[in-house]
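Scroll down for the structure; my scribbles are underneath it.
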Amino acid sequence: QVQLVESGGGLVQAGGSLRLSCATSGLTFSNYAMGWFRQTPGKEREFVAAISLSGESTSDADSVKGRFTISRDNAKNTVYLQMNSLKPEDTALYYCAAAHAKGVAPGVTKVYMREYDYWGQGTQVTVAS
């Protein structure tokens, strides 16, 4: 059974930092490109950041460029999202997701929800002004 479990969310003041983690099990992690998405009530889930299965390439939403960094540790089957200079508009439920990418060029990142096969339950991030 595939599981993606996010952690690291919480309440932080504007300008602060958080590091989200997503531990995976039940899949061959190195065969999956990974991504982070977020959602606020009444809005569609939106792309935040993605990383290729090799870790050599990343993509970021314009709204988080220069502030958020996605990384992965294939030995620990875990993907991370380092979030710095947080803003109140970053408040959301953050989801990690896995997209099977074996056979795809190792540097490919996936930015669309429909490309992802598995999702976590989310971790809440709240940024106070």
Side-chain angles (χ1 to χ4, degrees):
Q1 181 181 1
V2 175
Q3 286 190 311
L4 282 68
V5 180
E6 303 95 335
S7 61
L11 174 63
V12 64
Q13 293 293 314
S17 298
L18 284 173
R19 188 194 195 204
L20 305 185
S21 299
C22 174
T24 71
S25 60
L27 53 75
T28 303
F29 186 69
S30 58
N31 288 344
Y32 285 79
M34 300 297 295
W36 286 95
F37 291 77
R38 66 186 181 187
Q39 188 170 22
T40 55
K43 293 188 177 181
E44 292 187 354
R45 195 171 299 186
E46 65 175 6
F47 168 74
V48 175
I51 189 165
S52 63
L53 58 85
S54 67
E56 68 184 72
S57 299
T58 62
S59 298
D60 306 304
D62 289 343
S63 58
V64 306
K65 278 188 189 300
R67 300 188 298 122
F68 290 11
T69 303
I70 187 171
S71 62
R72 64 189 293 159
D73 185 336
N74 283 2
K76 295 183 178 180
N77 297 336
T78 300
V79 62
Y80 304 97
L81 185 68
Q82 178 66 45
M83 305 187 296
N84 299 328
S85 302
L86 282 160
K87 304 175 181 180
E89 50 263 44
D90 294 319
T91 295
L93 188 60
Y94 282 72
Y95 297 90
C96 75
H100 190 265
K102 186 178 181 181
V104 176
V108 170
T109 58
K110 297 182 181 291
V111 303
Y112 298 106
M113 285 181 55
R114 63 177 181 270
E115 298 181 286
Y116 285 83
D117 303 296
Y118 302 105
W119 293 83
Q121 293 299 306
T123 185
Q124 179 66 38
V125 171
T126 302
V127 184
S129 57

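Just so you know, these numbers come straight off a predicted model, no measurement behind them.
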- Task: Given side chain to side chain contact (heavy atoms under 4.5 Å, CB included), test S63 with R38 step by step and report yes or no.
- Result: CA-CA 12 Å; S63 58; R38 66 186 181 187; 3.5 Å; yes
Looking at every non-hydrogen atom in both residues, tell me the closest pair between [X] and [Y] and how far apart they are.
| X | Y | answer |
| --- | --- | --- |
| C96 | L4 | SG-CD2, 3.6 Å |
| A92 | Q124 | O-NE2, 3.4 Å |
| L27 | V2 | CD2-CG1, 3.5 Å |

Atom [atom1] in [X], atom [atom2] in [Y]: separation rounded to 0.5 Å?
| X | Y | atom1 | atom2 | result |
| --- | --- | --- | --- | --- |
| S7 | L20 | OG | CG | 8.0 Å |
| S17 | N84 | OG | CG | 3.5 Å |
| E46 | F37 | CD | CZ | 10.0 Å |
| L18 | Q82 | CG | CD | 8.5 Å |
| S57 | I51 | OG | CD1 | 8.5 Å |
| Q39 | L93 | CD | CG | 7.5 Å |

Examine distances only and state if a side-chain atom of [X] and a backbone atom of [Y] form a donor-acceptor pair shorter than 3.5 Å.
| X | Y | value |
| --- | --- | --- |
| E115 | V111 | yes |
| T123 | G9 | yes |
| T24 | N77 | yes |
| E6 | G122 | yes |
| R72 | G55 | no |
| T28 | S30 | no |

- Query: Does a side-chain heavy-atom distance below 4.5 Å link M83 with D90?
  - Reply: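 When only atoms from C-beta onward are counted, D90 and M83 do not touch, as no gap falls below 4.5 Å.
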- Query: Is there side-chain contact between P88 and Q13, with at least one heavy-atom pair below 4.5 Å?
  - Reply: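 No - every pair of side-chain heavy atoms lies 4.5 Å or more apart.
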- Query: Aromatic rings F68 and Y94: how do their planes relate, parallel, tilted or perpendicular, breaks at 30° and 60°?
  - Reply: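 Rings of F68 and Y94: tilted, 30 to 60°.
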- Task: Fit a plane to each ring of W119 and Y95, take the angle between them on a 0 to 90° scale, and name the class: parallel (under 30°), tilted (30 to 60°) or perpendicular (over 60°).
- Result: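 If you compare the ring of W119 with that of Y95, the planes turn out perpendicular.
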Check the hydrophobic clustering (I, L, V, M, F, W, Y; side-chain heavy atoms under 4.5 Å; chains of links allowed) and say if [X] and [Y] are grouped together.
| X | Y | value |
| --- | --- | --- |
| V48 | V127 | yes |
| M34 | L53 | no |
| V125 | Y80 | no |
| M113 | V79 | no |

- Message: Would you say NZ of K65 has more than 12 non-hydrogen atoms from neighbouring residues, nucleotides or ligands within 6.0 angstrom?
- Response: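 Yes, because the 6.0 Å sphere around NZ of K65 holds more than 12 heavy atoms from other groups.
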- So, do W36 and F47 have ring centers that fall under 6.0 Å from each other?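 No, the ring centres sit 6.0 Å or more apart.
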- Query: Are R67 and D60 within salt-bridge range, i.e. N to O under 4.0 Å?
  - Reply: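 Between D60 and R67 there is no salt bridge, as every charged N stays at least 4.0 Å from the carboxylate O atoms.
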- Would you check if there is a donor-acceptor pair between the side chains of T78 and D73 at a distance under 3.5 Å?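 Their side chains do not contain a donor-acceptor pair, so the 3.5 Å distance test is not met.
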